[in-house]
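Report on one structure; see the data block that follows.
When reading the values below, keep in mind they use all heavy atoms of this one structure, side chains included, and skip hydrogens, waters and symmetry mates. Throughout, numbering of the chain's residues begins at 1 and tracks the sequence. Whatever order the structure lists them in is the order used to number ligands and atoms, beginning at 1.
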Amino acid sequence: MTDRHILTAVAWPYANGPRHIGHVSGFGVPSDVFSRYHRMAGDKVLMVSGTDEHGTPITVAADAEGITPREIADRNNRIIVGDLQSLGLSYDLFTRTTTANHAAVSQEIFLGLLKNGYVFPQTTLGAISPSTGRTLPDRYIEGTCPICGYDGARGDQCDNCGNQLDPTDLINPVSKINGETPKFVESEHYFLDLPAFTKALGDWLATRKSWRPNVLNFSVNLLEDLKPRSYTRDIDWGVPVPLDGWRDRPDKRIYVWFDAVVGYLSASIEWARRSGDPEAWRQWWQTPDSDAYYFMGKDNIVFHSEIWPAQLLGYNGEGDKGGTPGSLGRLNLPTEVVSSEFLTMEGRKFSSSRQVVIYVRDFLARYDADALRYFIAVAGPENQDTDFTWAEFRRRNNDELVAGWGNLVNRSVSMAAKNVGAVPTPGELTDADRALLATTSGAFRPIGELLSRNRQKAAIGETMRVVGEANKYLSDQAPWKLKEDPARRDTVLHTALQAIKDCNALLTPFLPHSAQQVHELLGGTGVWSVAPEVHDVTDLDDGSPYPIITGPYEQGQAVWGSTPLAAPGTPLTPPKPIFTKLDESVVEEELRRLEEGGA
Ligand SMILES: [Zn+2]
């Protein structure tokens with residue numbers, strides 16, 4: 001183990017419905033590949049996230065179904081937890097924003113900002129219904145977005161362009177309840193003084209040279225026009241505002257985005273409490289040499305390169321107004337905001353409402369998790385918007401995963417099992433044998449370097465090139481023609497199996513499920529790559545059980561480097577294929593499903 005602490009902060013999936021493969025290609029799989037690699041390299045990883053459960057869309061969904069926001073959140077939290085576990089995402093803690101711990105930490109950040117003068121009260125215009133005189137929550141006001149012109153924008157945000165709005169920003173606002181034009185009257189709110197962080201954010205971004213250029217440029221551009229942002233909202237579903245006269249008001253809550261980003265911290269604190277050392281989170285948040293990588297889709301960059309860093313700077317007392325850290329102490333800013341681009345589906349934007357979608361659960365009911373993980377790694381939206389097509393998914397699966405990697409494992413283990421029944425005993429190595437082993441064992445350094453910089457496409461591309469070298473070796477040496485020379489045959493097979501063991505380690509961050517299978521096919525015992533577990537816990541504020549994802553990842557044998565094959569003589573059995581070849585009919589069937597608008 002090194003002493004390097006790495007926080008993997010994964011975007012919080014929103015609990016208004018199940019997540020589709022576009023979501024997990026942005027935040028899910030890349031963050032898991034990164035975490036699994038660093039654990040194999042001996043670093044101390046803390047990977048946290050949870051479901052984001054407050055805010056307007058949840059209340060809108062609840063209203064539509066005639067149930068409470070909490071019931072919507074409970075249902076979708078459980079679905080999302082199941083999906084992320086099935087995909088093998090190795091969270092140290094995946095929790096939710098409706099815990100008492102999260103509320104307390106969110107309130108602590110607010111109070112720290114208030115103490116340092118970065119949050120201030122201001123009277124703004126709030127909407128009321130002219131006919132009834134009652135407050136109209138932001139979500140019940142609709143109008144035209146002043147930024148993109150979309151005519152179904154709500155009083156808190158535009159779902160078309162993703163910008164957060166105030167109800168007074170809307171052009172032609174109308175009440176969704178009765179269609180009347182709302183009347184705006186004075187309403188008190190707290191605001192985050194973003195302009196006070198222009199210099200501090202700029203200084204920080206100036207040191208972030210290694211970010212993807214589009215993310216850095218976008219973030220720097222945001223600084224040109226920072227305005228105070230409303231920290232509280234007219235809504236009844238969220239974290240209460242921790243001030244006398246506000247705490248018990250049913251109509252004022254902390255804005256959902258300003259509590260959701262605090263989740264990275266509150267989840268770390270919750271993880272530490274569950275680990276038995278309540279102070280353990282500090283090693284990832286407060287030591288100067290720890291690193292924090294935040295993973296998300298590009299629509300969330302603003303909250304991770306501007307809002308959350310501003311909240312941290314203000315809490316630390318590091319904006320224009322100075323100040324001192326709050327009671328938790330000084331907190332580290334992100335090392336890198338790792339944002340991916342968008343995935344589209346058969347040329348169209350994913351849309352749950354328009355049924356252009358395949359949910360993670362439905363995908364995994366029909367295909368292996370590693371097949372999806374492989375596609376996302378090799379063809380996902382790392383640097384540019386990318387289209388998912390079923391034809392390409394099938395091609396990648398069949399030509400690369402099945403024919404390239406699966407077949408190499410299958411052929412080699414089958415031959416060894418059939419001819420020797422065990423790991424063969426190697427004789428003296430030839431130049432060709434040594435060259436292959438030099439290639440596979442030498443691949444860890446450059447590929448590890450790519451993975452540490454989140455160049456995952458390049459990393460898997462290079463790994464599959466090494467797999468190709470092993471396939472070529474096997475064809476060239478043709479051990480099946482060496483019946484008359486069993487000693488040489490066994491040397492070739494041993495060399496191939498050792499190369500496969502190396503390739504399997506290189507592929508483990510990407511393909512953790514099949515990596516465990518290959519480990520066992522090669523005569524390995526015990527756990528190679530650890531699968532995440534779901535545990536039901538009961539320490540929510542109201543005591544009802546909810547699921548968390550966690551896992552004993554430190555118990556996995558996988559390390560980033562060449563490790564010796566099981567000893568000669570270790571029994572090997574003929575393998576079943578590790579990957580499933582997909583028929584051409586799969587593509588037709590999936591396209592038909594998509595056209596019919598069903599999953
Ligand atoms: Zn808009």
Side-chain angles (χ1 to χ4, degrees), residues 11-14 16-17 19-20 22-23 26-27 52 54-61 63-64 124-127 136-177 179 181-182 184 189 191-192 194 214-215 217-235 238 255-261 296-308 310 337 339-345 348-357 381 385:
W12 290 54
Y14 196 60
N16 64 337
R19 298 296 89 182
H20 56 64
H23 292 127
F27 71 81
D52 173 11
H54 292 131
T56 303
I58 301 263
T59 62
V60 171
D63 290 349
T124 60
L125 293 176
L136 258 183
D138 299 343
R139 68 176 185 272
Y140 287 116
I141 306 168
E142 248 180 23
T144 303
C145 173
I147 297 162
C148 74
Y150 177 63
D151 62 10
R154 290 190 316 262
D156 62 339
Q157 75 172 43
C158 172
D159 283 341
N160 188 53
C161 67
N163 281 289
Q164 47 174 345
L165 302 172
D166 285 316
T168 49
D169 296 336
L170 293 174
I171 301 161
N172 299 326
V174 292
S175 161
K176 281 172 74 174
I177 296 171
T181 303
F184 289 96
H189 280 288
F191 279 73
L192 178 63
L194 283 171
N214 56 336
V215 181
N217 293 340
F218 178 86
S219 304
V220 170
N221 287 340
L222 290 172
L223 301 181
E224 284 173 13
D225 187 27
L226 291 182
K227 293 193 179 73
R229 283 275 178 91
S230 182
Y231 209 112
T232 55
R233 288 278 170 171
D234 288 317
I235 187 172
Y255 176 41
V256 57
W257 265 110
F258 286 54
D259 95 64
V261 289
M296 71 211 62
K298 64 180 167 185
D299 49 338
N300 291 344
I301 295 174
V302 60
F303 295 99
H304 295 88
S305 68
E306 178 196 311
I307 303 287
W308 178 229
V337 172
S339 162
S340 55
E341 306 290 305
F342 288 145
L343 191 72
T344 53
M345 174 119 186
R348 287 181 280 175
K349 202 174 157 186
F350 275 97
S351 165
S352 302
S353 56
R354 289 191 296 273
Q355 300 288 342
V356 183
V357 72
D385 291 348

Around the Zn ion (ligand 1), how many protein N, O or S atoms are found at less than 2.8 Å? 4

Charged N-O contact under 4.0 Å between Lys349 and Asp385: no

If you measure from the Lys or Arg side-chain nitrogens to the Asp or Glu carboxylate oxygens, is any gap between Glu142 and Arg154 under 4.0 Å? no

Keeping Asn300 on the side-chain end and Gly297 on the backbone end, is there a donor-acceptor pair under 3.5 Å? no

Taking NZ, NE, NH1 and NH2 as the nitrogens, is one of them in Asp63 or Lys176 under 4.0 Å from a carboxylate oxygen of the other? no

On the 0 to 90° scale, with breaks at 30° and 60°, tag the His23-His20 ring pair as parallel, tilted or perpendicular. parallel

Please work out whether the ring planes of Trp257 and His304 are parallel, tilted or perpendicular, with thresholds of 30° and 60°. perpendicular

